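Quick notes on the structure that follows.
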Amino acid sequence: MTIRLYDTATREVRDFVPLVDGHVGIYHCGLTVQAAPHVGHIRKEVVFDVLRRWFEHHGYAVTMIANLTDIDDKVLIKSAEQDLPWWALAYANERALHDAYTVLGCIPPTYEPRATGHIPEMLELISALMAKGHAYVAEDGSGDVYFDVRSWPAYGELSRQRIDDMEVAADADPRGKRDPRDFALWKGFKKGEEPDSAAWPAPWGLGRPGWHLECSAMVGKYLGDEFDIHGGGLDLRFPHHENELAQSRAAGRRFARYWVHNAMVTTAGEKMSKSLGNSALVSEVVKRVRPIELRYYLLAPHYRSVIEFGFDALAEAAAGFRRLEGYVVRASEVTDGVDPRDGMLCAGFVAAMDDDLGVPAALAAVFEVVREGNKLLAEGDSSALRGNLAAVRRMLAVLGIDPLSPVWSAVTRDEKPVQDALDALVAHLMRQRENARAVGDFTAADAVRDSLRAAGIDVEDTPSGPRWTVG
RNA sequence: GGUGGAGUGGCCGAGAGGCUUAGGCAACGGCCUGCAAAGCCGUGUACACGGGUUCGAAUCCCGUCUCCACCUCCA
């Protein structure tokens with residue numbers, strides 16, 4: 001059983017071979033913390049969370065590093081607009097990101113380094129690039145330092161582009177650059193235009209890091225010169241990852257062995273994006289559907305397929321998830337629960353997951369096991385039912401959507417007395433209904449059921465007795 | 001202009017030459033139920049278009065159309 005992954009660099013599905021047996025180091029580009037995370041951002045977190053869980057299922061010790069880019073042009077611009085210190089904006093959005101991780105049941109990264117905490121590592125990298133002739137100080141006195149793309153013949157290898165075929169950005173600022181495609185490693189401080197707190201001393205003068213540099217520096221610090229997997233959204237392939245790759249390799253580091261990119265989330269046919277203003281914030285979406293349903297919606301399609309975000313599709317996905325959840329809950333009531341760690345993954349699930357994280361086929365396998373489980377459930381408690389339930393829960397746990405995981409139990413202390421009161425009241429009405437049914441007074445029994453339904457409580461009769469759910 | 005990706009049944013969404021009826025949602029029929037609900041069994045409508053290769057094409061080739069992502073702000 002080997003995990004196979006699509007590698008963007010080679011454009012093929014390859015067997016995963018770790019650098020160190022039994023270990024896997026994954027770096028995925030976190031966020032530039034300029035705004036609260038939207039559904040597209042959190043899709044990436046969910047995808048890498050599932051990847052991580054699958055590696056762990058295979059017995060790998062996973063080191064997961066996700067960066068936080070907390071100083072950058074956009075952070076400065078947005079914070080100025082909002083009349084906040086840049087670091088306050090960055091930190092507020094960092095916390096919003098953590099809230100989104102938590103609410104969607106993502107395991108936190110092993111470490112989440114911040115760009116501002118790694119200036120020395122970045123300076124060291126720039127020095128190495130200068131020493132090898134791949135970086136230069138701008139000649140216009142701006143204090144900028146650029147990477148010289150013409151000095152690195154492999155430039156463009158990740159996105160398969162030739163420098164001469166690239167369009168030069170309309171807004172490119174060519175000042176001091178040898179080639180308009182050269183990118184900034186260091187941005188000279190502009191006294192008066194930028195806050196004094198956004199500048200750090202460097203041999204080339206006060207300034208701040210350019211975008212891309214932080215990732216190369218932090219990957220090197222936490223995962224080493226060569227590491228297993230570098231990931232992120234497909235939109236980062238160029239320029240971000242191309243530039244990370246160039247500056248790391250040019251500095252003599254071997255860098256990533258596999259590149260894993262997830263596809264975008266679109267709305268109305270366009271990429272969900274902070275700058276397009278078409279974002280659905282995670283914090284808003286989870287007011288309309290349960291977080292576990294959003295997570296299911298985001299992981300059910302293959303990670304390399306575009307998701308056209310919509311509340312109708314989300315509701316439909318949620319209906320599918322509830323089929324799984326309904327089985328797990330009903331079977332657990334009958335068996336008094338099982339330990340999902342006792343479950344056996346079915347072969348179809350494993351084969352699908354091993355094949356480039358084939359979650360759609362893996363879920364199809366889960367649905368088939370659930371169908372078997374529902375048949376067993378009709379016959380009551382049995383060891384077969386327990387085995388089936390444990391298997392289903394274990395497979396759902398690999399995807400991070402086990403409905404009974406404590407991660408999803410939202411009952412807080414404050415709600416407990418309310419919950420208890422509701423339980424008591426509904427139980428009383430249920431007894432009334434049962435008494436009426438026992439004497440054949442179905443009019444009275446149905447009246448109770450109707451009144452409960454009007455209050456949002458569904459009643460159903462099962463072989464093991466009536467049950468109710470808040471629907 | 002350059003680099004990638006996509007178009008599948010009412011909807012979502014896999015598959016990548018024959019042996020998936022993928023799966024799910026919705027619909028319809030049956031079973032179960034006092035009636036429901038849930039569940040189980042069954043049913044239908046597919047592979048953007050035009051050619052070609054092949055015994056056989058959703059899958060390969062050629063052409064056409066449409067859409068998406070990236071080309072230095074982006075997950």
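In what follows, every chain begins at residue 1, and chains take the letters A, B, ... in the order their sequences are listed. Since this is a predicted model, take the numbers as computed values, not measurements. Because only heavy atoms are used, hydrogens play no part in the values below, and waters and symmetry mates are left out as well, while side chains stay in.
For the pair A/Ala365 and A/Met264, nearest-nucleotide mapping onto RNA chain B gives the more 5' position to A/Ala365. Nearest-nucleotide positions on RNA chain B for A/Glu308 and A/Arg449 put A/Glu308 closer to the 5' end.
Geometrically, A/Arg437 does not engage A/Phe442 in a cation-pi contact, judged by NZ or CZ lying under 6.0 Å from the ring centre and within 45° of the ring axis.
Ring pair A/Phe321/A/Tyr296 is tilted by interplanar angle, where 30° to 60° counts as tilted.
The side chain of A/Thr266 contributes no N or O atom lying less than 4.0 Å from OP1 or OP2 of B/rA69. Considering only side-chain N and O atoms, A/Lys78 lies nowhere under 4.0 angstrom from the phosphate OP1 or OP2 of B/rC73. Contact annotation: A/Arg323 side-chain N/O to B/rG39 OP1/OP2 distance is under 4.0 Å. Neither OP1 nor OP2 of B/rU3 sits under 4.0 Å from any side-chain N or O of A/Arg237. Residue A/Arg160 has no polar side-chain atom (N or O) positioned under 4.0 Å from OP1 or OP2 of B/rG2. Taking only side-chain nitrogens and oxygens, A/Lys177 never comes nearer than 4.0 Å to OP1 or OP2 of B/rU72.
Remark: the separation of the P atoms in B/rU33 and B/rC25 is 24 Å, to the nearest Å.
In this structure, A/Arg162 does not pair ionically with A/Asp164, as no charged nitrogen and carboxylate oxygen lie closer than 4.0 Å. Salt-bridge check for A/Arg4 with A/Asp356: failed, with every basic side-chain N at 4.0 Å or more from each acidic carboxylate O.
Within 4.0 Å (heavy atoms only), A/His261 reaches no atom of the nucleic acid at all. Backbone-only engagement by A/Ser305 is indicated by non-hydrogen atom pairs under 4.0 Å involving sugar-phosphate atoms exclusively.
For A/Arg288, the salt bridge (charged side-chain N to carboxylate O under 4.0 Å, His left out) test picks out no residue, with sequence neighbours left out.
In this structure, of B/rA36, B/rC70, B/rG2, it is B/rA36 that holds the atom nearest to the side chain of A/Arg453. Closest to the side chain of A/Arg433, from the set B/rC71, B/rC11, B/rC35, is B/rC35.
Side chain to side chain, A/Thr32 and A/Gln34 fail the donor-acceptor criterion of an N or O pair below 3.5 Å.
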B/S/- contact track for nucleotides 28-33 of chain B, protein heavy atom under 4.0 Å: ------
Pairing annotation in dot-bracket form, given for RNA chain B with Watson-Crick or G-U pairs under 3.5 Å and | for cross-strand partners: (((((((..(((.....[....))).(((((.......)))))....(((((..]....))))))))))))....
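One atom, CG of A/Leu363, and another, P of B/rU20, lie 20 Å apart when rounded to the nearest Å. Atoms CG (A/Asn374) and P (B/rC40) sit 4 Å apart, rounded to a whole Å.
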